[in-house]
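We name chains A, B, ... by the order of the sequence lines, and we start the count at 1 in each one. Just so it is clear, the model here is predicted, and its values are computed rather than measured.
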2 protein chains.
Amino acid sequence: MSVTIKDIAKLAGVSHTTVSRALNNSPLIQEETKERIRLIAEQLDYTPNYSAKSLVLDRSYNLGLFFTTLSKGTSAGFFYEAIRGVNSVIQDRYQLIVKGIDDYSSFQSITRKSFDGIIIVSQSDDDQAIIEHIVSKGIPLVVLNRPVTTAGVLNILSDEEQGAFLACSYLIEQSHTRIALIEGRKGFKSAQNRKDGFERAMKHYGIKVPPIYRIPGLYDLESGHKAMQQFLALEERPTAVFSCNDEMALGAMKAISEAGMQVPKDISVVGFDDTVFAAYVTPALTTVRRPIEQISKEGALRLLGNIENKQHETEQVLLKTELVVRESVKKLST
Amino acid sequence: MSVTIKDIAKLAGVSHTTVSRALNNSPLIQEETKERIRLIAEQLDYTPNYSAKSLVLDRSYNLGLFFTTLSKGTSAGFFYEAIRGVNSVIQDRYQLIVKGIDDYSSFQSITRKSFDGIIIVSQSDDDQAIIEHIVSKGIPLVVLNRPVTTAGVLNILSDEEQGAFLACSYLIEQSHTRIALIEGRKGFKSAQNRKDGFERAMKHYGIKVPPIYRIPGLYDLESGHKAMQQFLALEERPTAVFSCNDEMALGAMKAISEAGMQVPKDISVVGFDDTVFAAYVTPALTTVRRPIEQISKEGALRLLGNIENKQHETEQVLLKTELVVRESVKKLST
DNA sequence: AAGACTATTGTTAACGTGTGCATGAATGTG
DNA sequence: CACATTCATGCACACGTTAACAATAGTCTT
């Protein structure tokens, strides 16, 4: 079948041990011999059998990249940026195995033999179970995007509460006082954080928000659309809406234009995430940029550090978010 | 360290062979013995070492999912749907390894030992090299999204030429005669197919298209924006634009509104792909739906069939696209 | 009741690679 | 020149699993 080190050994007139050492650049082997063996390996188009390597070295060369879910609730852009970020770091050294946590019926198959390290892009508290499983197995782990307090876990995320605070403060500075909130998907930590930022800004500036100005959403276009319809039906409409993500903001804008009104002339809208299309809708959406690609890059980098130095760095890193001002907010005259 | 079948064997008072057979549900073993062994395995929280299995069974349990590129030119939605489709099919049986073809400096590491099968979501003719490598290694392969003639390759894609024809015919049926084209990224097969559909429709209905009505784009928002600006600067503007994907269509719509005009009142726009946001922009975008998730599902399914039955199905499957009529096209009065 | 057959389990080797220890040659030391 | 030391390589085994073949006991056939 395929070429093994024994085939090379035979041709080179040495033992397979010598070949193994030569190809791993061991200092025990003479430079001259190494060169000869490398040449033969090249000519035979030799590729190491990673299953055999894994078995004896107790490493899998696999990196797990797990999302809370692949089938529902994860936005395409988010998903894409996360994979890109991680992928740009690992290059050739590892294989990237992508999976949705909700696809696992049992975590049994997640062992130190099958993953050298795992990155969880977490969007829900429900991920706690798998996190604990991974930690208990002693697999190096980094959790992105959601705060986690479990011991022994690297944790990298953006400060979403701060981002939401930023966005809402901006609305208030534009003299808005009737500000409504379209919340994120229930159970997602990000939904809570963003709402917290909203509430803090309101409190900080002493703005009263009636209960009907808060409607839960599902992070998708449709729920934003529906929520906005409800706001529009109100007797005293809000003059501005903070939507917990861009997709819902888009749905909201759609509802506004369907009602014969205009953004930002009649109602201002702010989103969150700075999705690729935010800059290109009409009007361009003012939103909060969350450095997902940077988070996943940073996470992958540190995870590799932990794996290769066998250390156990375990801090929490908060990366700052940034307000991107575009055209969807109007400054009210005071 | 971790539990092996030998540990179980010792506790059960049998040989490790018997344990192996029992856990693989071999008919050679007494039902009673099997039950006893399964129980012990469960209690010890045994997990098979997949490296060892792979080594002896000559299977990796890995499925490769390769994209032409992860870093440039692949749209997030496209990427997301493809992964979802494949993932929904493979469930627990395989690990899904995601990679960008342009990340490979050498294909050497792609062997039959490291991948049981490979799915290529191909967007460029440049992928031919890796396709040939994979075929030469005898790895089961399915190529999605782009037509491929290499022997021994399963090929599943949508009939994009037909989709473009559909879209352009629709424009013509709405009495448009000055129809412009924003082309896709050069070198991408889809760009060629969609253009072909455009040309066929024009020819079929006997519509003349001046050369300046065709501008190449890059499949991103910005290039659509720029292309539209050029159309708008023309003395005799088109009344309708067929954009080779939704993102460029969005960019085009942006340019139109910046010029103080409206879609579809002043200019009609049709896109391609039916991206998630197409339904929620204002006006909602008329576009061509390409069943990516279905394509990748179908592809994964057939690939698994080929792997597990050791057969070599090698046909080309064309899945029909569908025109989604929304609000971005105006019927001209004749 | 002897031989053939069947059902169940064990023995042993194999997959491809890495590593501790042994070996032998060459070199250095006193 | 005898002995210690260093350098380069080989031998044998280990990693955890599966499978071909052997072995044993029990059952059936005539």
Side-chain angles (χ1 to χ4, degrees), chain A residues 1-38 40-41 44-62 108-116 137, chain B residues 1-38 40-41 44-62 95 108-116 137 308:
Chain A
M1 293 294 222
S2 37
V3 183
T4 74
I5 53 171
K6 291 188 182 173
D7 300 325
I8 301 177
K10 217 167 272 173
L11 260 77
V14 296
S15 76
H16 76 276
T17 309
T18 303
V19 175
S20 169
R21 289 193 177 117
L23 295 178
N24 288 320
N25 200 20
S26 152
L28 291 176
I29 305 293
Q30 227 177 356
E31 203 50 54
E32 189 190 351
T33 318
K34 279 187 196 172
E35 210 42 68
R36 189 160 47 94
I37 290 175
R38 282 197 200 111
I40 299 179
L44 295 186
D45 194 24
Y46 166 77
T47 319
N49 182 322
Y50 276 88
S51 301
K53 273 181 108 100
S54 295
L55 183 56
V56 59
L57 292 180
D58 208 24
R59 302 187 43 204
S60 63
Y61 301 94
N62 287 338
Q108 201 210 1
S109 67
I110 305 173
T111 69
R112 219 173 52 253
K113 311 276 183 186
S114 49
F115 292 100
D116 288 347
K137 290 283 183 179
Chain B
M1 291 295 223
S2 36
V3 183
T4 75
I5 53 172
K6 291 188 181 171
D7 300 324
I8 300 177
K10 217 168 273 173
L11 260 76
V14 296
S15 75
H16 72 277
T17 309
T18 303
V19 175
S20 169
R21 288 192 180 117
L23 294 178
N24 287 320
N25 200 20
S26 152
L28 290 177
I29 305 294
Q30 230 177 352
E31 202 50 54
E32 190 191 352
T33 318
K34 279 186 196 171
E35 208 44 65
R36 189 159 47 94
I37 290 175
R38 280 196 201 113
I40 299 179
L44 295 186
D45 194 25
Y46 166 77
T47 320
N49 183 321
Y50 276 89
S51 300
K53 273 179 108 104
S54 296
L55 182 57
V56 59
L57 291 181
D58 209 23
R59 301 187 44 203
S60 63
Y61 300 94
N62 286 338
Q95 313 231 54
Q108 200 210 3
S109 67
I110 305 173
T111 69
R112 220 174 51 254
K113 310 278 182 186
S114 49
F115 292 100
D116 288 347
K137 291 284 183 179
E308 282 163 14

Less than 4.0 angstrom between a side-chain N/O of [X] and OP1 or OP2 of [N], yes or no?
X      : N       : result
N49(A) : dC15(C) : no
Y46(A) : dT17(C) : yes
K53(B) : dT18(D) : yes

Side-chain touch Y46(B)/I40(B), heavy atoms, less than 4.5 angstrom: no
Starting at the 5' end of DNA chain D and moving along, which residue's nearest nucleotide shows up first, V19(A) or I5(B)? V19(A)
Length of the [atom1]-[atom2] vector between [X] and [N], whole Å:
X       : N       : atom1 : atom2 : value
N24(A)  : dT19(C) : CG    : P     : 8 Å
D7(B)   : dC15(D) : CG    : C1'   : 13 Å
L57(A)  : dG16(D) : CG    : C1'   : 14 Å
Y50(A)  : dT17(C) : OH    : P     : 11 Å
L55(B)  : dT17(C) : CG    : C1'   : 8 Å
L44(A)  : dG16(C) : CG    : P     : 15 Å
I37(A)  : dA8(D)  : CD1   : P     : 13 Å
K113(B) : dT17(D) : NZ    : P     : 19 Å

Test of understanding: with side-chain contact (heavy atoms from CB on, under 4.5 Å), list the residues that count as partners of [X], not counting sequence neighbours.
X       : answer
S109(B) : Y104(B)
S114(B) : T111(B)
R36(A)  : A12(A), V14(A), T33(A)
K6(B)   : T4(B), H16(B)

Could you work out, with side chain to side chain donor-acceptor pair (under 3.5 Å) as the rule, every residue matching [X], not counting sequence neighbours?
X      : answer
S54(B) : none
E35(A) : R38(A)
K53(B) : none

Mark up nucleotides 6-12 of chain C, 5' to 3', with B wherever a protein heavy atom is under 4.0 angstrom from a base atom, S wherever such an atom reaches only the sugar-phosphate, and - elsewhere. --BBBBB
Rounded to 10°, tell me the angle between the two end axes of the helix from dA1(C)-dT30(D) to dG30(C)-dC1(D), each built from five pairs.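 Overall, the helix from dA1(C)-dT30(D) to dG30(C)-dC1(D) bends by 50° from one end axis to the other.
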Could you list the residues that satisfy salt bridge (charged side-chain N to carboxylate O under 4.0 Å, His left out) with R59(B), not counting sequence neighbours? D116(B)
Salt bridge (charged side-chain N to carboxylate O under 4.0 Å, His left out) involving K137(A) - partner list, sequence neighbours excluded: D45(B)
Compute whether any side-chain donor of one residue and acceptor of the other, for T17(A) and S20(A), lie under 3.5 angstrom apart.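 S20(A) and T17(A) do not have a side-chain donor-acceptor pair below 3.5 Å.
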Report each atom pair, protein N/O against N/O of nucleotides 22-26 of chain C, whose distance is under 3.5 angstrom.
none

State which of dT17(C), dA19(D), dT19(C) makes the closest approach to the side chain of T4(A). dT17(C)
Taking all atoms of both residues into account, what is the closest heavy-atom pair of D7(A) and S2(A), and its distance? OD2-O, 3.8 Å
